[in-house]
Amino acid sequence: MHKWLCFLGLLALSAPGTGDVTAEDQFKVEEDNVARILVSKLILNKYLVEGMDVVVRYALYNVGSAAALNVQVEDASFGPLDFTTVAGQSHFVLDRLAPGANASHTLVVRPLKYGYFNFTAAQVSYLASETATEPTIGFTSEPGEGGIVSFRDYDKKFSPHLLDWIVFAVMTLPSLGIPFMLWYSSKSKYDTVLREKRADAIKKRE
(Lines give C-alpha, C1' and ligand atoms only; values in the text may rest on other atoms or scores of the structure.)
Protein backbone atom coordinates (compact mmCIF):
# COMPACT_ATOMS: atom_id res chain seq x y z
CA MET A 1 0.00 0.00 0.00
CA HIS A 2 2.83 2.36 0.83
CA LYS A 3 4.46 1.67 -2.55
CA TRP A 4 1.28 2.58 -4.42
CA LEU A 5 0.99 5.88 -2.56
CA CYS A 6 4.58 6.78 -3.45
CA PHE A 7 3.97 5.87 -7.10
CA LEU A 8 0.87 8.07 -7.27
CA GLY A 9 2.76 10.89 -5.60
CA LEU A 10 5.52 10.71 -8.21
CA LEU A 11 2.91 10.79 -10.99
CA ALA A 12 1.32 13.88 -9.47
CA LEU A 13 4.67 15.66 -9.27
CA SER A 14 5.63 14.78 -12.82
CA ALA A 15 2.26 15.81 -14.35
CA PRO A 16 2.13 19.48 -15.55
CA GLY A 17 -0.13 21.74 -13.47
CA THR A 18 -2.65 24.20 -14.84
CA GLY A 19 -0.47 27.14 -13.86
CA ASP A 20 2.62 25.88 -15.70
CA VAL A 21 3.66 27.55 -19.00
CA THR A 22 4.81 25.18 -21.73
CA ALA A 23 7.43 26.02 -24.33
CA GLU A 24 4.70 26.37 -26.96
CA ASP A 25 2.74 28.83 -24.81
CA GLN A 26 5.92 30.83 -24.16
CA PHE A 27 6.57 31.04 -27.92
CA LYS A 28 3.04 32.31 -28.52
CA VAL A 29 3.44 35.00 -25.86
CA GLU A 30 6.73 36.14 -27.35
CA GLU A 31 5.24 36.05 -30.84
CA ASP A 32 2.28 38.21 -29.80
CA ASN A 33 4.46 40.76 -28.04
CA VAL A 34 5.87 42.30 -31.23
CA ALA A 35 5.34 45.39 -33.33
CA ARG A 36 3.24 45.31 -36.48
CA ILE A 37 3.35 48.39 -38.68
CA LEU A 38 0.81 49.31 -41.34
CA VAL A 39 2.02 51.88 -43.87
CA SER A 40 0.04 53.70 -46.54
CA LYS A 41 1.40 55.69 -49.48
CA LEU A 42 -0.97 58.33 -50.87
CA ILE A 43 -0.75 60.82 -53.73
CA LEU A 44 -2.54 63.95 -52.48
CA ASN A 45 -2.78 65.85 -55.77
CA LYS A 46 -6.00 65.94 -57.74
CA TYR A 47 -4.07 66.64 -60.96
CA LEU A 48 -0.56 65.45 -61.78
CA VAL A 49 1.14 67.99 -64.03
CA GLU A 50 4.53 68.08 -65.68
CA GLY A 51 6.85 70.50 -63.87
CA MET A 52 4.46 71.06 -60.94
CA ASP A 53 4.74 69.75 -57.37
CA VAL A 54 3.32 66.33 -56.49
CA VAL A 55 2.73 65.70 -52.78
CA VAL A 56 3.24 62.13 -51.51
CA ARG A 57 2.22 61.24 -47.95
CA TYR A 58 3.41 58.19 -46.01
CA ALA A 59 1.33 57.27 -42.94
CA LEU A 60 2.61 54.68 -40.43
CA TYR A 61 0.59 53.03 -37.66
CA ASN A 62 1.85 50.45 -35.16
CA VAL A 63 -0.99 47.99 -34.47
CA GLY A 64 1.25 45.63 -32.47
CA SER A 65 1.83 45.35 -28.73
CA ALA A 66 5.52 46.31 -28.72
CA ALA A 67 7.51 49.28 -29.92
CA ALA A 68 9.05 49.13 -33.38
CA LEU A 69 12.69 50.14 -33.55
CA ASN A 70 14.78 51.55 -36.40
CA VAL A 71 11.80 51.97 -38.72
CA GLN A 72 12.99 52.69 -42.26
CA VAL A 73 10.89 53.57 -45.29
CA GLU A 74 12.59 53.61 -48.67
CA ASP A 75 10.82 54.57 -51.88
CA ALA A 76 12.81 53.92 -55.03
CA SER A 77 10.00 54.70 -57.47
CA PHE A 78 10.91 58.39 -57.96
CA GLY A 79 14.04 58.07 -60.08
CA PRO A 80 16.16 61.09 -61.07
CA LEU A 81 15.27 60.62 -64.75
CA ASP A 82 11.55 61.03 -64.08
CA PHE A 83 11.33 63.26 -60.97
CA THR A 84 13.24 65.87 -59.05
CA THR A 85 12.90 66.10 -55.26
CA VAL A 86 11.59 69.44 -53.99
CA ALA A 87 11.13 68.73 -50.27
CA GLY A 88 11.30 65.75 -47.94
CA GLN A 89 13.18 62.49 -48.45
CA SER A 90 12.37 59.27 -50.26
CA HIS A 91 14.30 57.36 -47.55
CA PHE A 92 13.51 58.32 -43.97
CA VAL A 93 14.09 56.70 -40.57
CA LEU A 94 12.15 56.67 -37.29
CA ASP A 95 14.15 55.58 -34.24
CA ARG A 96 11.09 54.26 -32.41
CA LEU A 97 7.35 53.89 -32.98
CA ALA A 98 5.42 53.01 -29.82
CA PRO A 99 2.51 50.54 -29.87
CA GLY A 100 -0.70 52.28 -30.92
CA ALA A 101 1.23 55.31 -32.17
CA ASN A 102 1.23 56.76 -35.66
CA ALA A 103 3.58 58.94 -37.68
CA SER A 104 3.62 60.54 -41.10
CA HIS A 105 6.12 61.86 -43.61
CA THR A 106 5.60 64.09 -46.64
CA LEU A 107 7.63 64.00 -49.83
CA VAL A 108 7.28 66.61 -52.58
CA VAL A 109 8.53 65.69 -56.05
CA ARG A 110 8.22 67.34 -59.45
CA PRO A 111 7.66 65.31 -62.66
CA LEU A 112 10.15 66.02 -65.42
CA LYS A 113 7.98 64.65 -68.23
CA TYR A 114 4.37 63.79 -68.94
CA GLY A 115 2.71 60.45 -69.62
CA TYR A 116 1.50 57.50 -67.58
CA PHE A 117 3.53 56.57 -64.50
CA ASN A 118 3.19 53.57 -62.19
CA PHE A 119 3.41 54.68 -58.54
CA THR A 120 4.69 51.49 -56.91
CA ALA A 121 4.90 50.58 -53.22
CA ALA A 122 7.73 51.64 -50.92
CA GLN A 123 9.64 49.15 -48.76
CA VAL A 124 9.39 49.21 -44.95
CA SER A 125 11.79 47.54 -42.51
CA TYR A 126 11.87 47.59 -38.70
CA LEU A 127 12.88 45.61 -35.62
CA ALA A 128 9.68 44.12 -34.22
CA SER A 129 10.86 44.00 -30.57
CA GLU A 130 13.70 44.94 -28.25
CA THR A 131 15.27 41.50 -28.66
CA ALA A 132 14.82 41.17 -32.43
CA THR A 133 18.02 40.83 -34.43
CA GLU A 134 16.59 40.46 -37.92
CA PRO A 135 14.41 43.24 -39.37
CA THR A 136 10.84 42.65 -40.44
CA ILE A 137 10.30 43.59 -44.10
CA GLY A 138 7.02 44.90 -45.50
CA PHE A 139 5.60 47.20 -48.15
CA THR A 140 3.32 50.22 -48.25
CA SER A 141 0.07 50.43 -50.15
CA GLU A 142 0.44 50.99 -53.89
CA PRO A 143 -1.24 54.05 -55.46
CA GLY A 144 -1.05 52.46 -58.91
CA GLU A 145 -0.86 54.03 -62.33
CA GLY A 146 -1.53 57.73 -62.78
CA GLY A 147 -1.49 60.05 -65.75
CA ILE A 148 0.84 63.06 -65.69
CA VAL A 149 -0.58 65.85 -67.86
CA SER A 150 1.69 68.07 -69.94
CA PHE A 151 1.99 71.61 -68.62
CA ARG A 152 0.81 73.06 -71.95
CA ASP A 153 -2.47 71.12 -71.85
CA TYR A 154 -3.01 71.95 -68.18
CA ASP A 155 -2.32 75.65 -68.81
CA LYS A 156 -4.80 75.75 -71.69
CA LYS A 157 -7.54 74.31 -69.50
CA PHE A 158 -6.98 75.92 -66.11
CA SER A 159 -4.92 79.08 -66.64
CA PRO A 160 -6.77 82.43 -66.12
CA HIS A 161 -5.17 83.63 -69.41
CA LEU A 162 -4.58 87.17 -68.12
CA LEU A 163 -2.06 87.93 -70.85
CA ASP A 164 -4.50 86.75 -73.52
CA TRP A 165 -7.21 89.02 -72.15
CA ILE A 166 -4.84 92.02 -72.10
CA VAL A 167 -3.84 91.42 -75.71
CA PHE A 168 -7.50 91.04 -76.66
CA ALA A 169 -8.36 94.34 -74.95
CA VAL A 170 -5.54 96.17 -76.74
CA MET A 171 -6.62 94.75 -80.10
CA THR A 172 -10.29 95.69 -79.62
CA LEU A 173 -9.54 99.16 -78.22
CA PRO A 174 -9.35 100.94 -81.62
CA SER A 175 -12.59 99.41 -82.89
CA LEU A 176 -14.38 100.47 -79.71
CA GLY A 177 -12.50 103.66 -78.91
CA ILE A 178 -12.77 105.44 -82.30
CA PRO A 179 -16.59 105.16 -82.52
CA PHE A 180 -16.86 106.28 -78.90
CA MET A 181 -14.69 109.34 -79.58
CA LEU A 182 -16.75 110.28 -82.66
CA TRP A 183 -20.00 109.89 -80.69
CA TYR A 184 -18.65 111.93 -77.78
CA SER A 185 -17.43 114.71 -80.08
CA SER A 186 -20.81 114.90 -81.82
CA LYS A 187 -22.65 114.86 -78.51
CA SER A 188 -20.44 117.67 -77.14
CA LYS A 189 -21.16 119.86 -80.18
CA TYR A 190 -24.89 119.20 -79.90
CA ASP A 191 -24.87 120.05 -76.19
CA THR A 192 -23.01 123.29 -76.91
CA VAL A 193 -25.49 124.34 -79.57
CA LEU A 194 -28.40 123.45 -77.32
CA ARG A 195 -27.01 125.52 -74.44
CA GLU A 196 -26.52 128.51 -76.75
CA LYS A 197 -30.12 128.29 -78.00
CA ARG A 198 -31.41 128.13 -74.46
CA ALA A 199 -29.33 131.16 -73.50
CA ASP A 200 -30.67 133.16 -76.51
CA ALA A 201 -34.22 132.20 -75.62
CA ILE A 202 -33.77 133.43 -72.05
CA LYS A 203 -32.35 136.76 -73.28
CA LYS A 204 -35.28 137.30 -75.64
CA ARG A 205 -37.77 136.77 -72.81
CA GLU A 206 -36.01 139.32 -70.68
Side-chain angles (χ1 to χ4, degrees), residues 15-151 153-154 158:
T18 57
D20 296 336
V21 179
T22 64
E24 183 179 357
D25 293 336
Q26 181 67 27
F27 177 75
K28 288 181 179 179
V29 171
E30 292 178 355
E31 187 181 33
D32 291 339
N33 191 28
V34 294
R36 291 185 178 87
I37 297 181
L38 302 179
V39 189
S40 64
K41 174 183 175 181
L42 300 174
I43 307 296
L44 302 185
N45 294 63
K46 185 177 181 180
Y47 298 102
L48 305 179
V49 185
E50 172 195 16
M52 297 182 67
D53 293 350
V54 174
V55 181
V56 186
R57 183 175 182 269
Y58 304 90
L60 300 88
Y61 182 61
N62 185 1
V63 298
S65 56
L69 306 176
N70 193 27
V71 182
Q72 301 190 38
V73 179
E74 185 171 3
D75 195 345
S77 59
F78 301 108
L81 297 179
D82 300 316
F83 294 88
T84 179
T85 301
V86 178
Q89 297 177 342
S90 58
H91 179 202
F92 61 94
V93 180
L94 300 176
D95 294 332
R96 181 184 180 90
L97 188 62
N102 56 64
S104 63
H105 178 78
T106 300
L107 171 67
V108 181
V109 295
R110 188 171 294 165
L112 300 177
K113 52 189 177 182
Y114 63 90
Y116 285 96
F117 185 82
N118 188 22
F119 294 92
T120 57
Q123 179 177 290
V124 184
S125 66
Y126 59 93
L127 296 176
S129 65
E130 299 280 353
T131 59
T133 56
E134 293 295 329
T136 299
I137 306 297
F139 297 91
T140 68
S141 58
E142 187 174 335
E145 190 176 53
I148 300 175
V149 183
S150 67
F151 180 79
D153 293 340
Y154 178 83
F158 296 100

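Heavy-atom basis, side chains included; hydrogens, waters and symmetry copies ignored.
- A distance of 10.5 Å separates CZ of Phe117 from CD of Glu145, quoted to the nearest 0.5 Å.
- Considering CG of Asn70 and CZ of Arg96, their distance stands at 12.5 Å, rounded to 0.5 Å.
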*Residue pair Leu107, Tyr58: steps toward the side-chain contact (heavy atoms from CB on, under 4.5 Å) verdict*: CA-CA 8 Å; Leu107 171 67; Tyr58 304 90; 3.7 Å; yes
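- Exactly one of Lys41, His105, Gln89 qualifies for a side-chain hydrogen bond (donor to acceptor under 3.5 Å, both in side chains) with Asp75. That residue is Lys41.
- From Tyr61, atom OH reaches atom OG of Ser40 across 13.0 Å, with rounding to the nearest 0.5 Å.
- Looking at every heavy atom in both residues, Ala128 comes nearest to Ala66 through O-CB, 4.0 Å.
- A pairwise comparison of heavy atoms in Pro99 and Gly64 identifies CB-O, 3.3 Å as the closest pair.
- Counting heavy atoms from C-beta outward, Asn33 and Ser129 have side chains that stay 4.5 Å or more apart.
- Within the 3.5 Å criterion, the main-chain N or O of Phe151 finds a donor-acceptor partner in the side chain of Glu50.
- Side-chain contact between Asp82 and Leu112 is absent, with no heavy-atom pair separated by less than 4.5 Å.
- In this structure, Asn62 contributes its side chain and Arg36 its backbone to a donor-acceptor pair below 3.5 Å.
- When only modelled atom types and interatomic distance are considered, Asn118 and Thr120 share no side-chain donor-acceptor pair under 3.5 Å.
- One distance of note links CD1 of Ile37 with OG1 of Thr140; it measures 12.5 Å at 0.5 Å rounding.
- There is no side-chain donor-acceptor pair under 3.5 Å between Tyr114 and Asp153.
- To the nearest 0.5 Å, atom OG1 of residue Thr84 and atom CZ of residue Phe78 are 12.5 Å apart.
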*Gln123 and Ile137: side-chain contact (heavy atoms from CB on, under 4.5 Å), yes or no, with the steps?*
CA-CA 7 Å; Gln123 179 177 290; Ile137 306 297; 4.1 Å; yes
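- For the side chain to side chain contact (heavy atoms under 4.5 Å, CB included) with Leu38, the lone residue among Asn102, Leu60, Val63 that qualifies is Val63.
- Considering OG of Ser141 and CZ of Phe119, their distance stands at 13.0 Å, rounded to 0.5 Å.
- Of all the heavy atoms in Pro135 and Ser125, the pair that sits closest is CB-CB, 4.5 Å.
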